[in-house]
Amino acid sequence: MNVLARPVTSVGLPRLLGKAVLSTAAQGPAGLGMAMPPCFNVKVAQAAPLRVSQLLYRPSAGGVGEETMPPGFKAEVAQLDTFELPEHATGSLSNRRLGKALVDAWRRDGIIQIAMSDTQRKLWKDAKAASCRFFRKPHSEKAVCVDSQSYAGYIASGEEVTDGIADYSEIFTITKDLDLSDSRVRAKWPCHGPCPWPDIKMKEPMVRYNEDLGVQGEKLLQLAELGLGVSPGSLTRYTRDGWHHTRVLRFPPRNATNGKGKEGRGIGSHTDYGLLVISTQDEVGGLFIRRPSYKERFANWEKSAAGLREDDDGWVYIPPVAGVHTVILGDMMQYLTRNYLTATPHKVGLNTRERFAFAYFHEPSFQAIVKPLEGGYGGMVRDSSGDDEGIHYGTHFTNMFMRNYPDRITTKRLLAEDRYTLLAEKELRTMDSVPAF
Ligand SMILES: O=C(O)CCC(=O)C(=O)O
Ligand SMILES: [Fe+2]
């Protein structure tokens with residue numbers, strides 16, 4: 001069988017051996033000469049060039065990219081669809097098809113890849129260089145990058161806790177960078193405060209990188225609205241002044257952690273909190289996800305999904321592909337769609353080399369009360385009954401960060417100053433005061 005004889009599109013990708021045929025075959029990077037139908041925005045994963053025959057006849061155990069899987073893990077190796085986002089999301093037929101293809105891919109695989117433009121590759125390169133420079137600094141210089149009001153800043157290897165167990169990733173978290181004069185900071189709103197940047201060399205590339213992902217995040221939400229068949233604005237109404245944040249991550253090589261004699265781990269199994277997680281990883285490898293499954297229903301906002309199926313079978317390894325961001329879904333997307341789309345459980349293993357990655361979280365406003373969508377395809381949503389009290393995103397975020405960083409100065413101050421009770425105040429639960437832009 002020759003795959004080249006077969007038109008490959010992003011919608012209804014031919015699936016062989018139970019997997020989507022990568023768009024590699026569609027674009028034909030090696031000049032395979034296959035024209036893609038104009039309305040299908042599928043692009044090829046740039047790195048790890050795959051021979052078509054490898055895709056067709058890949059044995060069920062193992063796959064392309066397996067060589068980068070951290071030692072000690074056994075998992076299926078994903079071969080994912082890569083999508084190219086349009087300049088602007090409109091309601092055009094091609095955008096609607098793309099939106100549907102994204103939703104289908106999330107429902108099937110739990111994760112998608114989106115191609116980076118040349119500009120985005122440069123943004124990632126600069127931001128990654130800044131992150132490497134920062135993590136190379138002596139511990140004493142990094143450790144002072146902490147703020148007692150926000151959760152932004154440095155998290156040392158071993159400081160983060162997932163399901164009661166230390167993670168050995170080293171992190172710089174970027175939350176909304178608010179001046180001390182900001183009224184929300186002065187009013188002591190939980191998690192609101194400045195970002196303790198080490199220097200301008202770190203700040204500038206990170207801000208540029210995040211601004212770009214803010215644009216991509218909005219576009220993805222608009223396409224998801226089209227793909228879900230809900231009215232425009234159903235998702236983006238929540239992201240006005242969204243509580244977007246980023247985790248800049250360094251994973252030490254295994255056996256080089258302070259795991260007190262044990263090997264230590266990267267990040268334990270978890271789901272993230274908001275709408276979308278747009279990630280970028282270097283060439284080392286370490287990310288695993290679980291596919292959506294009815295049998296594994298969970299609701300992280302009700303009962304912690306941390307540690308979920310950590311040691312079970314059924315994990316899927318996401319090998320690094322140069323020139324792509326991956327996008328998984330968070331808790332709020334699951335709640336909004338009443339499980340039609342589900343938050344993607346994931347974990348990170350430590351590899352033989354250090355690994356750098358970024359996770360950008362595209363979130364509702366801190367003040368938003370998220371409610372299930374009305375309308376939509378696929379029996380996703382029952383008629384509006386008005387009985388859903390909704391989830392206050394700011395409370396969910398605060399709960400998650402307090403749980404992950406029980407000993408951090410920010411958690412201690414939050415509790416000592418009784419800031420948590422403010423989350424019940426009307427002002428923190430309305431978008432009326434949220435600026436238009
Ligand atoms: O390292 C990665 O690829 C993912 C990191 C992650 O899951 C997180 O920061 O929440
Ligand atoms: Fe995560």
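Counting starts at 1 for both ligands and their atoms, following the listed order. Every heavy atom of this structure was used, including side-chain atoms; hydrogens, water molecules and symmetry mates were not. Worth saying up front: this structure is predicted, and the values here are computed from it rather than measured.
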Can you tell if the side chain of F361 reaches within under 4.5 Å of the side chain of D272, non-hydrogen atoms only? yes
Residue pair H325 / T280, side-chain donor-acceptor N/O under 3.5 Å: yes
Give me the nearest non-hydrogen protein atom to atom 1 (O) of ligand 1 as residue plus atom name, then the distance to 0.1 Å. R355 NH1, 2.9 Å
Between NZ of K128 and CZ of F358, what distance do you get to the nearest 0.5 Å? 9.0 Å
Considering distance alone, does some N or O of S279 sit under 3.5 Å from an N or O of ligand 1? no
Atom indices of ligand 1 within 4.0 angstrom of F251 heavy atoms, with elements: 1 (O)
Geometry at the Fe ion (ligand 2) - H270 NE2 versus H346 NE2 angle, rounded to 10 degrees: 90°
Report yes or no: does a heavy atom of Q281 sit under 4.0 Å from some atom of ligand 1? no
Which ligand 1 atoms, with their elements, are less than 4.0 angstrom from a heavy-atom of D272? 10 (O)
Can you tell me which N/O/S atom of D272 has the shortest distance to the Fe ion (ligand 2)? OD2
How far is atom 5 (C) of ligand 1 from its nearest protein heavy atom, and which residue and atom is that? L249 CD1, 3.7 Å
What is the closest protein heavy atom to atom 10 (O) of ligand 1, and at what distance does it sit? H270 NE2, 3.2 Å
Closest protein heavy atom to atom 8 (C) of ligand 1, given as residue, atom name and distance to 0.1 Å: R247 NE, 3.5 Å
Near A357 (heavy-atom distance under 4.0 Å), the atoms of ligand 1 are 1 (O)
Do I114 and L220 touch side chain to side chain, with heavy atoms closer than 4.5 Å? yes
List the closest protein heavy-atom neighbour of atom 6 (C) of ligand 1: residue, atom name, distance to the nearest 0.1 Å. I267 CD1, 3.8 Å
Would you mind checking which non-hydrogen protein atom is closest to atom 4 (C) of ligand 1, with the distance to 0.1 Å? V348 CG2, 3.8 Å
Could you tell me if the side chain of Y154 sits less than 4.5 Å from the side chain of P198, heavy atoms only? no
Using a strict cut-off of 4.0 Å, indicate which atoms of ligand 1 neighbour a heavy atom of F361. 10 (O)
